[in-house]
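Only one structure is covered here, and it is reproduced in the block below.
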Amino acid sequence: MISTHIAGYRQQFFIPDGVIYLDGNSLGVLPKATAAAVAKTVEQEWGNGLICSWNTADWVNAPRRCGDKIARLIGANAGEAIACDSTSVNLFKSLLTALALQVKAPERNVIISDIDNFPTDLYIAQGLRDLLASRTLELKFVKRAEMESTIAAFGARTAVVMLTQVDYRTGERYDMKAITALVQSKGALMLWDLAHSTCAFPVELNACNADLAVGCSYKYVNGGPGAPAFVFAAKRHLDTLDAAGTSAPISGWFAHEAPFAFDPLFKVTRGIERFTVGTPPILQFAALEASLDMWLTVDMHALRSASVVLTERFIAEVESQCAGFGLTLATPRGADIRGSQVSFRHAEGYAIIQALIARGVIGDFRAPDVLRFGFTPLYVTEDDVVQAARHLREVMQSREYLRSEFRARGKVT
């Protein structure tokens, strides 16, 4: 049963009439507070305050202010997270930082990741290897089942292990504490991608002794399309970097110790601000902060309980209502190793999702054959779950997905 605490948040979101939205794991819906926050930033702070608002409205500190709020949602302390750039850019910066922290161990030249990781994470690692050709970085991308043995085998040579906590296709969840401990026992650093974790369930970076992490804020966090991402670095590592005088991973002007001194020589700032680069996008920060302020009132353990209720109910409803139609569960049945999504496989997955969207049930598709449904308990109800399964059954029974308009693929799937 979903608690009244969680159920009460639904009224704080704009949800179009006739829509069952099961894609909050890709883009969260619009919080009602966001529209007012962005309007205030546009009309009052930009419209009337103009450039003075960098100081009077504290625009300049938006990355740190939002970062400290995000820190509370991911089990970190103030000063260990900052909001900036995109997840991919922050991953690049984090990998460079991990290598800088391993500078006294040049033999550690291996980066390990899951071959089924979100592809952009793998692309960033490949680009970094090519950029740092003189360091002869070696990439080991392996299947989940081979991860622990690979970490053990390459431990003495590994600089950093880079994993997404929740698999974007299947929703399978790594044990953050156990994997982090294993990696660190081999002298390597652990870098987590929290794209499908933040505000999906309680995240405890410091309790798990994580080294570095990145994540986005437009999925479960509801920060809006293109919302600033974030980067986390444990204080012990920030102190090490500061003590060593290590430069910023990207030496942009906001990472300078005195950006408005306009010194032609770069001097890195101290602490988490070393991860900032250029001017923060203030309108996007206004939207993000409105959502963060709402999330800071949520009981994350109650949220997780509601997520388990919704995901288990959806699995049961689909397997009951859609038996015999070739849908295969891709998501783990065990709630302890599942994020807040449920995925099924079917050869006609793309067309099936398009048929559901036409009916007002919005999920999404991931190649090659995954129908993906995300559950954000703040605005998804048990009735939504039952009705979504009913629509799926009707689509399969009627074979609606064979219609030509559902088979033509758009640029975004």
Side-chain angles (χ1 to χ4, degrees), residues 19-29 87 114-121 144 164-174 193-201 215-216 218-222 225 307-319 321-322 325-335 337-380 384-393 395-396 400-401 406-407 409-413:
V19 168
I20 298 173
Y21 194 72
L22 303 181
D23 207 13
N25 55 320
S26 194
L27 175 66
V29 304
T87 308
D114 190 327
I115 189 65
D116 294 318
N117 203 347
F118 194 70
T120 192
D121 291 24
R144 178 182 292 256
T164 301
Q165 187 183 14
V166 177
D167 186 288
Y168 77 102
R169 287 193 181 98
T170 68
E172 186 171 0
R173 178 175 165 180
Y174 273 108
D193 184 333
L194 305 177
H196 291 271
S197 306
T198 310
C199 293
F201 50 80
C216 66
Y218 53 81
K219 300 181 191 295
Y220 295 98
V221 186
N222 303 92
S307 169
V308 172
V309 169
L310 293 172
T311 52
E312 291 190 344
R313 181 70 183 273
F314 187 67
I315 292 170
E317 290 289 338
V318 171
E319 292 189 330
Q321 295 193 46
C322 303
F325 293 124
L327 290 161
T328 303
L329 182 66
T331 299
R333 293 187 184 276
I337 56 170
R338 183 175 67 234
S340 197
Q341 72 179 61
V342 174
S343 298
F344 286 89
R345 295 187 183 277
H346 193 283
E348 296 287 352
Y350 177 81
I352 294 168
I353 285 292
Q354 300 312 304
L356 284 172
I357 291 173
R359 286 169 164 258
V361 179
I362 302 179
D364 67 14
F365 169 80
R366 289 294 178 262
D369 59 357
V370 176
L371 298 83
R372 194 174 68 154
F373 304 93
F375 296 86
T376 302
L378 298 191
Y379 53 79
V380 175
D384 288 338
V385 166
V386 174
Q387 295 307 315
R390 176 181 62 80
H391 281 288
L392 180 56
R393 182 192 72 233
V395 164
M396 303 307 293
E400 283 178 37
Y401 58 85
F406 299 143
R407 305 177 74 77
R409 299 206 178 191
K411 187 172 183 179
V412 177
T413 62

(request) Starting from the C-alpha separation in whole Å, work towards a yes-or-no answer on side chain to side chain contact (heavy atoms under 4.5 Å, CB included) for Leu392 and Val361. (result) CA-CA 9 Å; Leu392 180 56; Val361 179; over 6 Å; no
(request) Measure the shortest side-chain to side-chain distance between Asp384 and Phe375 over non-hydrogen atoms and say whether it is less than 4.5 angstrom. (result) no
(request) Would you give the length of the straight line joining atom OG of Ser343 to atom CG of Leu327, rounded to the nearest 0.5 angstrom? (result) 12.0 Å
(request) Looking only at non-hydrogen atoms, find the nearest pair between Gly28 and Tyr379 and report the distance. (result) CA-OH, 3.8 Å
(request) Flag the pair Leu22 / Leu356 as yes when at least one side-chain heavy-atom distance between them is below 4.5 Å, and no otherwise. (result) no
(message) Looking at every heavy atom in both Asn25 and Lys219, which two are closest together, and how far apart are they?
(response) O-CD, 3.1 Å
(request) Could I get the full list of side chain to side chain contact (heavy atoms under 4.5 Å, CB included) partners for Leu329, not counting sequence neighbours? (result) Ile315, Glu319, Thr331, Arg333, Val342, Phe344
(message) For a quick test of reading the model, state the closest non-hydrogen atom pair linking Leu27 to Tyr21 and the distance between them.
(response) O-OH, 2.5 Å
(message) I need the minimum non-hydrogen distance between Phe201 and His196, along with the two atoms involved.
(response) CE2-O, 4.0 Å
(message) Looking at every non-hydrogen atom in both residues, tell me the closest pair between Ser197 and Gln165 and how far apart they are.
(response) OG-OE1, 2.8 Å
(request) Taking the side chain as every heavy atom from C-beta outward, state whether Gln341 and Tyr220 have any atom pair closer than 4.5 Å. (result) yes
(message) To the nearest 0.5 Å, what is the distance between CZ on Arg338 and OG1 on Thr311?
(response) 3.5 Å
(request) Evaluate the side-chain proximity of Thr170 to Asp116: yes if any heavy-atom separation is below 4.5 Å, no if none is. (result) no
(message) Within the 4.5 Å heavy-atom criterion, are Phe373 and Val318 side-chain neighbours or not?
(response) no
(request) Please tell me if the side chains of Val29 and Asn222 come closer than 4.5 Å, counting only heavy atoms from C-beta onward. (result) yes
(request) Can you measure from CD1 (Ile362) to CG (Asp23) and round to the nearest 0.5 angstrom? (result) 7.5 Å
(message) Under the salt bridge (charged side-chain N to carboxylate O under 4.0 Å, His left out) definition, can you give me all pairs with a residue in residues 164-173, not counting sequence neighbours?
(response) Arg144-Glu172
(request) Kindly give the heavy-atom pair with the smallest separation between Gly24 and Thr376, and that separation in Å. (result) CA-OG1, 3.9 Å
(request) Would you give the length of the straight line joining atom OH of Tyr174 to atom OG1 of Thr164, rounded to the nearest 0.5 angstrom? (result) 9.0 Å
(request) Using the six-membered ring of Tyr168, assess whether NZ or CZ of Arg366 lies under 6.0 Å from its centre and within 45 degrees of the ring axis. (result) no
(request) Could you point out which residue of Arg393, His391, Arg390 forms a side chain to side chain donor-acceptor pair (under 3.5 Å) with Gln321? (result) Arg393
(request) Answer yes or no: is there a side-chain heavy-atom contact under 4.5 Å between Gln354 and Arg407? (result) no
(message) Just so I know, are the side chains of Asp193 and Thr87 near enough to count as touching, which here means a heavy-atom distance under 4.5 Å?
(response) yes
